[in-house]
Amino acid sequence: ELFLDLTKPSSSSSPSSPSSESKQKQKQKQKQQKEGDNDDEVSGMSEEERELDALVMSEEFKQLVEQVVNESTGTLTKKIIRRKLEKMLELDPDMLKSRKKKIGEYIDSFTEQE
């Protein structure tokens with residue numbers, strides 16, 4: 001796990017002030033975690049987000065959007081199409097919401113062709 005119990009001094013710690021050394025280690029760990037969080041924001045996103053991005057950008061996904069658009073009858077909103085895609089791909093509801101702009105572009109490109 002990421003969290004270690006740093007309240008107990010390790011056997012290698014100097015006997016002079018184990019509690020202050022322990023606090024230093026805690027602060028270092030927290031700093032590293034904060035820096036790590038910033039790295040995620042800088043690099044863009046979590047692993048799950050990167051996978052979702054790769055999925056949405058794939059040619060297979062575009063074809064799936066086109067299939068849903070072409071097979072659907074009646075009133076169809078972009079939200080309905082996203083929900084259908086989520087069900088087809090067995091994703092959690094609203095998982096594609098963060099990619100709605102890109103999906104909307106695909107939908108527009110397929111509906112303009114008609």
Side-chain angles (χ1 to χ4, degrees):
E1 288 285 338
L2 289 175
F3 300 101
L4 302 173
D5 185 1
L6 298 175
T7 55
K8 298 176 192 162
S10 63
S11 57
S12 65
S13 68
S14 63
S16 61
S17 61
S19 63
S20 65
E21 187 174 324
S22 178
K23 287 178 184 175
Q24 272 185 324
K25 285 183 181 179
Q26 273 184 321
K27 284 183 181 178
Q28 249 181 342
K29 188 76 174 170
Q30 288 172 344
K31 187 176 179 184
Q32 287 172 346
Q33 286 172 343
K34 284 181 184 175
E35 287 170 0
D37 290 346
N38 291 341
D39 287 346
D40 280 348
E41 290 169 18
V42 170
S43 66
M45 51 201 116
S46 68
E47 183 65 31
E48 186 178 85
E49 290 285 307
R50 280 193 286 275
E51 288 175 10
L52 193 58
D53 244 14
L55 168 72
V56 171
M57 300 305 281
S58 71
E59 193 57 40
E60 291 84 2
F61 186 82
K62 290 179 192 176
Q63 291 170 355
L64 199 58
V65 173
E66 185 176 22
Q67 177 187 331
V68 171
V69 169
N70 292 336
E71 289 177 357
S72 299
T73 57
T75 306
L76 198 62
T77 65
K78 291 178 181 180
K79 184 176 184 177
I80 292 170
I81 292 172
R82 271 198 331 271
R83 293 277 160 80
K84 286 185 178 200
L85 291 166
E86 288 165 347
K87 281 184 181 175
M88 292 170 84
L89 297 168
E90 298 177 359
L91 299 173
D92 292 335
D94 287 334
M95 197 151 189
L96 293 175
K97 191 173 186 176
S98 61
R99 304 298 186 283
K100 71 182 189 179
K101 183 177 179 185
K102 190 69 185 168
I103 296 169
E105 290 172 13
Y106 296 155
I107 294 167
D108 290 342
S109 72
F110 296 129
T111 54
E112 286 168 8
Q113 290 174 2
E114 292 173 7

Sequence-distant partners of E71, side chain to side chain contact (heavy atoms under 4.5 Å, CB included), two or more places apart: Q67
Among R82, R83, K79, which one satisfies salt bridge (Lys or Arg N to Asp or Glu O under 4.0 Å) with D94? R83
With sequence neighbours excluded, tell me which residues meet side chain to side chain contact (heavy atoms under 4.5 Å, CB included) with I80. L76, T77, K84
Nearest heavy-atom contact between F61 and L55 is CB-O, 3.0 Å
How would you list, by chain and number, every residue that makes a side chain to side chain donor-acceptor pair (under 3.5 Å) with R99, sequence neighbours excluded? E49, D53
State, yes or no, whether a side-chain contact exists between I81 and F110 at a heavy-atom distance under 4.5 Å. no
Mind running side-chain contact (heavy atoms from CB on, under 4.5 Å) on L91 and L85 for me, showing each step along the way? CA-CA 8 Å; L91 299 173; L85 291 166; over 6 Å; no
Results of side chain to side chain donor-acceptor pair (under 3.5 Å) for K102 - residues two or more places apart only: E105
Test item: E66 and I107 side chains (from C-beta on) under 4.5 Å apart, heavy atoms: no
Whether Y106 side chain and V56 backbone form a donor-acceptor pair below 3.5 Å: yes
Looking at residues at least two apart in the chain, or sitting in another chain, which of them share a side chain to side chain donor-acceptor pair (under 3.5 Å) with E47? R50
For E59, all residues meeting side chain to side chain contact (heavy atoms under 4.5 Å, CB included), sequence neighbours excluded: K62, Q63
All salt bridge (charged side-chain N to carboxylate O under 4.0 Å, His left out) counterparts of K78, not counting sequence neighbours: D108
Holding to side chain to side chain contact (heavy atoms under 4.5 Å, CB included), I want the full list of residues that pass it with T75, two or more places apart in sequence or in another chain. none
What heavy-atom pair brings E86 and D92 nearest, and what distance separates the two atoms? CD-O, 3.9 Å
Just jot down the side chain to side chain donor-acceptor pair (under 3.5 Å) partners of E51, sequence neighbours excluded, or say none. none
Sequence-distant partners of K100, salt bridge (charged side-chain N to carboxylate O under 4.0 Å, His left out), two or more places apart: none
